[in-house]
2 protein chains.
Amino acid sequence: MLLDNMSIKKSDTRSRVRDAVLSLVADTPETALRMVDIAKRAGISRQALYLHFATRTDLLIATTLYVDEAKDIDARLAASRTAISGEARLDTYIDAWGNYIPEIYGIARVLLALKESGDEAAAAAWDSRMAAMREGCTAAINALKTDGRLSPAYPRGRATDLLWTMLSVHNWEHLTIDCGWSQKAYIANLKISARQLFVVAEEGE
Amino acid sequence: MLLDNMSIKKSDTRSRVRDAVLSLVADTPETALRMVDIAKRAGISRQALYLHFATRTDLLIATTLYVDEAKDIDARLAASRTAISGEARLDTYIDAWGNYIPEIYGIARVLLALKESGDEAAAAAWDSRMAAMREGCTAAINALKTDGRLSPAYPRGRATDLLWTMLSVHNWEHLTIDCGWSQKAYIANLKISARQLFVVAEEGE
DNA sequence: CCGTCAATTGACAGATTGTCAAGTAATTTA
DNA sequence: TAAATTACTTGACAATCTGTCAATTGACGG
């Protein structure tokens with residue numbers, strides 16, 4: 001049908017544009033991507049970008065959501081919910097999220113820079129993603145609490161805040177890029193740290 | 001003498017401009033300070049800013065250094081070196097740096113945003129400040145090691161990296177602003193966390 | 001053959017940084 | 001007192017980037 005062709009074609013160029021953003025982000029350390037460069041890489045004119053995305057911010061947010069979808073973040077994070085014990089849940093959550101970060105880091109940097117330069121839409125998009133991530137932290141801490149294995153050093157809310165902070169993209173960036181840790185070392189050390197901070201020995205052990 | 005008057009007057013306007021930046025930063029959540037607004041607040045014309053600072057980046061870096069000097073960061077961090085035990089040193093360092101962060105947070109945000117938008121001079125200025133801060137982390141971890149109280153969970157370099165990351169401005173921002181922790185709670189919890197992560201019980205206790 | 005629609009092209013407004021040249025007002029120097 | 005110096009002002013302008021608009025092109029379906 002006609003409508004099908006239209007929507008297919010439309011979404012085709014949209015995808016090419018988002019891929020262009022991702023390819024640019026992968027190629028350059030710049031976070032200040034210019035519309036003209038994105039257009040060039042997508043093989044269309046700069047003005048044509050505005051036929052698909054209202055603003056630069058819109059385009060960058062859409063690209064972020066696109067990556068989330070493509071990498072199926074929801075499913076990967078949800079998998080950690082199947083873990084039986086609180087400890088296992090903490091570990092699998094660190095695995096799931098910690099290994100997700102490098103996949104979104106490129107576009108996340110761009111979105112973060114946009115947020116930090118005062119863009120409210122970008123801030124809202126980023127904060128909503130981080131709120132979703134916090135859910136997993138809450139769940140992991142709650143599971144520990146249920147098992148009676150949550151350290152008494154912090155009330156539940158504080159423990160969640162701390163875990164949430166430890167798992168931030170900025171910390172991943174600092175440890176892997178600034179400190180040179182491998183991804184494997186990052187994951188391993190975060191698991192160790194989280195256990196030291198939040199998990200106490202099982203009762204009657 | 002003539003030269004004296006000149007340098008006094010010149011440095012007077014320079015100071016007014018830097019104060020204008022700080023006052024703007026305190027007033028607005030914006031990191032994208034415009035030259036015209038800075039000039040207005042300093043009571044001079046926009047173009048006159050360039051008589052004192054070569055570029056916007058230069059001005060913002062100079063303001064950061066000015067705050068460092070005014071708040072005497074060096075002296076405050078150096079004080080932690082007088083602590084006797086490694087444990088005390090860790091605590092006093094967290095106190096010194098952790099309580100310094102809120103004083104520089106405003107201008108630090110601006111410099112960080114500049115760095116993250118790809119400004120190399122801003123990045124160099126920021127990185128050099130953070131390298132200086134890392135020195136204190138290294139010293140604290142080394143002091144613990146000397147006392148035989150450093151946790152075997154991490155080699156010295158890893159422990160330093162972790163402490164350095166924990167004390168980052170981004171983490172302070174996340175915990176106090178995003179999570180709503182008071183400054184007092186921030187300091188107290190960071191001390192607890194650092195002990196849990198890095199300090200082991202004294203031998204023969 | 002005629003619409004429709006994505007995309008192109010050229011032009012332009014608006015914001016912002018940075019530069020330049022000419023002028024002004026106060027202070028210093030001779 | 002007259003000339004020179006200094007900090008600053010004002011107006012103009014280049015360059016860059018985002019976003020908008022109007023006119024046009026080219027393909028494709030019916």
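Not measured: the values here are computed from a predicted model. All chains are named by letter (A, B, ...) in the order of the sequence lines, taking the proteins before the strands, and each is independently numbered beginning at 1.
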Student: Hey, are A:Tyr186 and A:Asn171 close enough side-chain-wise for a donor-acceptor pair under 3.5 Å?
Tutor: no
Student: Rounded to the Å, how far apart are B:His52 NE2 and C:dG18 P?
Tutor: 16 Å
Student: How close or far is atom C1' of C:dA7 from atom CG of A:Asp12, stated in whole angstroms?
Tutor: 14 Å
Student: Take A:Val21 and A:Val110 through the test side chain to side chain contact (heavy atoms under 4.5 Å, CB included) and record every step on the way to the result.
Tutor: CA-CA 10 Å; A:Val21 170; A:Val110 174; over 6 Å; no
Student: Between A:Lys191 and A:Asp95, does at least one N-O distance fall below 4.0 Å, as a salt bridge requires?
Tutor: yes
Student: For the pair made of CZ in B:Phe53 and P in C:dT19, what is the distance, rounded to whole Å?
Tutor: 15 Å
Student: Between the side chains of B:Glu103 and B:Arg76, is the shortest nitrogen-to-carboxylate-oxygen separation below 4.0 Å, so that they form an ion pair?
Tutor: yes
Student: What string of B, S and - do you get for nucleotides 10-19 of chain D, 5' to 3', when a contact is any protein heavy atom under 4.0 Å?
Tutor: BBB----SBB
Student: Heavy atoms within less than 4.0 Å of DNA chain D: which residues of residues 112-124 of chain B have one? Give them sorted by number.
Tutor: none
Student: Think B:Thr13 has a side-chain N or O under 4.0 angstrom from the OP1 or OP2 of D:dA7?
Tutor: no
Student: Mind checking what makes side-chain contact (heavy atoms from CB on, under 4.5 Å) contact with A:Ala153, not counting sequence neighbours?
Tutor: A:Ser151, B:Ile192, B:Gln196
Student: To the nearest Å, how far apart are A:Arg14 CZ and C:dA7 C1'?
Tutor: 16 Å
Student: If you measure only the distance, is there a donor-acceptor pair under 3.5 Å linking the side chains of A:Tyr100 and A:Asp68?
Tutor: yes
Student: Before giving the answer on side chain to side chain contact (heavy atoms under 4.5 Å, CB included), spell out for A:Thr138 and A:Asn142 the whole-Å C-alpha distance, their side-chain angles and the decisive distance to 0.1 Å.
Tutor: CA-CA 6 Å; A:Thr138 307; A:Asn142 280 343; 3.6 Å; yes
Student: Rounding to an integer number of Å, can you tell me how far B:Leu51 CG sits from C:dC20 P?
Tutor: 12 Å
Student: Can you tell whether the side chains of A:Asp19 and A:Arg41 come within less than 4.0 Å, N to carboxylate O?
Tutor: no
Student: Please give, in whole Å, the distance from D:dT25 C1' to A:Ile44 CD1?
Tutor: 16 Å
